[in-house]
Structures are given as structure tokens and as C-alpha cells.
Amino acid sequence: MTERLDGKRALVCGATQGIGLATARALAAAGADVTLLARNEERLRECAQEIGARWLAADFSLPETVRAAAAALPLPMHILVNNTGGPPSGPITAAGEGDFVGAFRAHVVNAQILASALLEGMKNAGYGRIVNIVSTSVYEPLAGLGVSNTT
């Protein structure tokens, strides 16, 4: 990352491991004031201390916790990174209705909740970035990822 982000606030979802944590580290290294969002409070505390970030806990299977976290954010947020784990693998024929509802809630509904909560502040600040991290199956369906391919 070459752009300096001093004075910018970033919210990174799924920020306690993998792509989310790597993204949070990169944004912090570029000067952003980062808030981590994930469900594991113990791991959030560890990661936040490591990179000098604040944190909020929310479970993406429970949109009301995402709404509560959004209401507690310091505003404006200039950068939103929507990222959460994918649904379980398996053929689409083995998936139940709840699998699809859960995946849609985690990946679409919560992204909308957060974007809606932060967009006006981004507009008012004259700066905003929303990054949605999703499966590579958005380009081409992947075998064994029926629910993810559909969502």
C-alpha cells in the first residue's frame, strides 16, 4: 500500500485472522486509525493490541449485534472492509434453506447495515471507500461450494 491514510478511520470486519487481519495490519501501517470487528473478544483484544487498534465485537450471524457495533463506532469512518467467513462447503443439493438464509445474512444483509450506517459520514467527509471481500466464485462457480456460489 503506497497511499498514506493518516487521519482516516477504517473498519475491518473479520479482522482476527486471515485476509481481515492482514488488511487491518496494512491499513494501520499506512496510518489509518483502525477498528477491528469480529465475534471473538479474546482474539480481538490480542489483535487490537498488536496493531494499535480499537475493537468491537459482533457476530455476523446476528445482524442486531452488527447494528449495535455500527452505532458504537467513532464517526466518520472513511474505509469499510466487509469481510466474513464463507458458508460451509458442500454440494448445493445438501444445503438447507437455513444455509442460504445464513449466508445471505452474513454476506449481504450485514454489508448493507454497515454501509448504510457509514455512508453519510463518508459523503460528508468527502472521502470514502467500501471494499467487499467475497469468494472467487463470483467469477465462476467452484465445485463443492454450492451455497457460496449462489450467495
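Keep in mind the model is a prediction, meaning the values are calculated, not measured.
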message = Assigning hydrophobic clusters by single linkage (Ile, Leu, Val, Met, Phe, Trp, Tyr; side-chain heavy-atom cutoff under 4.5 Å), is Met122 placed with Ile113?
response = yes
ask   = Going by heavy atoms in the side chains, are Ile51 and Leu36 under 4.5 Å from each other?
value = yes
message = Given 3.5 Å as the limit, does a donor-acceptor pair link the side chain of Arg9 with the main chain of Leu75, or not?
response = yes
query = Between His107 (side chain) and Gly102 (backbone), is there a donor-acceptor pair under 3.5 Å?
reply = no
request  = Please tell me if the side chains of Ile92 and Phe100 come closer than 4.5 Å, counting only heavy atoms from C-beta onward.
outcome  = yes
key: Interatomic spacing from CD in Gln17 to SG in Cys47 - rounded to 0.5 Å   = 8.5 Å
message = Quick one, Asn124 and Pro76 - any side-chain contact, counting heavy atoms below 4.5 Å?
response = no
request  = Consider only side-chain heavy atoms of I, L, V, M, F, W and Y, link residues closer than 4.5 Å, and tell whether Leu118 and Val81 are in one cluster.
outcome  = no
remark   = Separation between CG (Leu44) and CG (Leu37), nearest 0.5 Å, reads 7.5 Å
Whether over 12 other heavy atoms sit under 6.0 Å from Glu46 CD = yes
task = Sorted by first residue and then second, give each salt bridge (Lys or Arg N to Asp or Glu O under 4.0 Å) pair with at least one member in residues 99-126; sequence neighbours left out.
result = none
For the student: nearest non-hydrogen atoms of Ala28 and Val34, plus distance = N-CG2, 3.7 Å
note = Between Ala15 and Ala38 the two heavy atoms that sit nearest each other are N-CB, 4.2 Å
request  = List the atom of Ala69, the atom of Ala57, and the distance in Å for their closest heavy-atom pair.
outcome  = CB-O, 4.3 Å
ask   = What is the distance from atom CG of Asn149 to atom OG of Ser89, rounded to the nearest 0.5 Å?
value = 11.0 Å
key: Heavy-atom side-chain proximity of Phe60 to Arg39 below 4.5 angstrom   = no
ask   = Does a side-chain heavy-atom distance below 4.5 Å link Asn82 with Ile130?
value = yes
query = Does any non-hydrogen side-chain atom of Thr35 lie less than 4.5 Å from one of Leu73?
reply = yes
query = When you look at CD1 of Ile19, are more than 12 heavy atoms from neighbouring residues, nucleotides or ligands closer to it than 6.0 Å?
reply = no
ask   = For Asp33, which of His78, Lys8, Arg54 qualifies under side-chain hydrogen bond (donor to acceptor under 3.5 Å, both in side chains)?
value = Arg54
task = Can you see which heavy atom on Ala72 is nearest to which on Leu56, and at what distance?
result = CB-CD2, 4.2 Å
key: Co-membership, hydrophobic cluster, residues Ile79 and Trp55, 4.5 Å side-chain   = yes
pair Leu27-Val12: side-chain heavy atoms closer than 4.5 Å = yes
task = Decide if atom CZ of Arg43 counts as having more than 12 heavy atoms of other residues, nucleotides or ligands within a radius under 6.0 Å.
result = yes
request  = Locate the shortest heavy-atom distance separating Asp6 from Arg4; write the atom from each residue and the value.
outcome  = OD1-NH2, 3.0 Å
ask   = Is a donor on one side and an acceptor on the other found under 3.5 Å between the side chain of Thr65 and the backbone of Leu62?
value = yes
ask   = Hey, quick one: are Ile133 and Val108 part of the same hydrophobic cluster, counting side-chain heavy atoms closer than 4.5 Å, chains of contacts allowed?
value = no
key: Over all atoms of both residues, closest heavy-atom pair of Val147 and Ala95   = CG2-CB, 3.4 Å
task = Count the heavy atoms of every other residue, nucleotide or ligand shown that sit under 6.0 Å from CD of Glu64, and state whether that count exceeds 12.
result = yes
task = Find out whether Leu5 and Tyr127 are in side-chain contact, i.e. whether some heavy atom of one side chain is under 4.5 Å from a heavy atom of the other.
result = yes
key: Joint cluster assignment, Val66 & Val109, ILVMFWY side-chain distance < 4.5 Å   = yes
message = Taking atom CZ as the centre, does Phe104 end up with more than 12 heavy-atom neighbours from other residues, nucleotides or ligands that are less than 6.0 angstrom away?
response = no
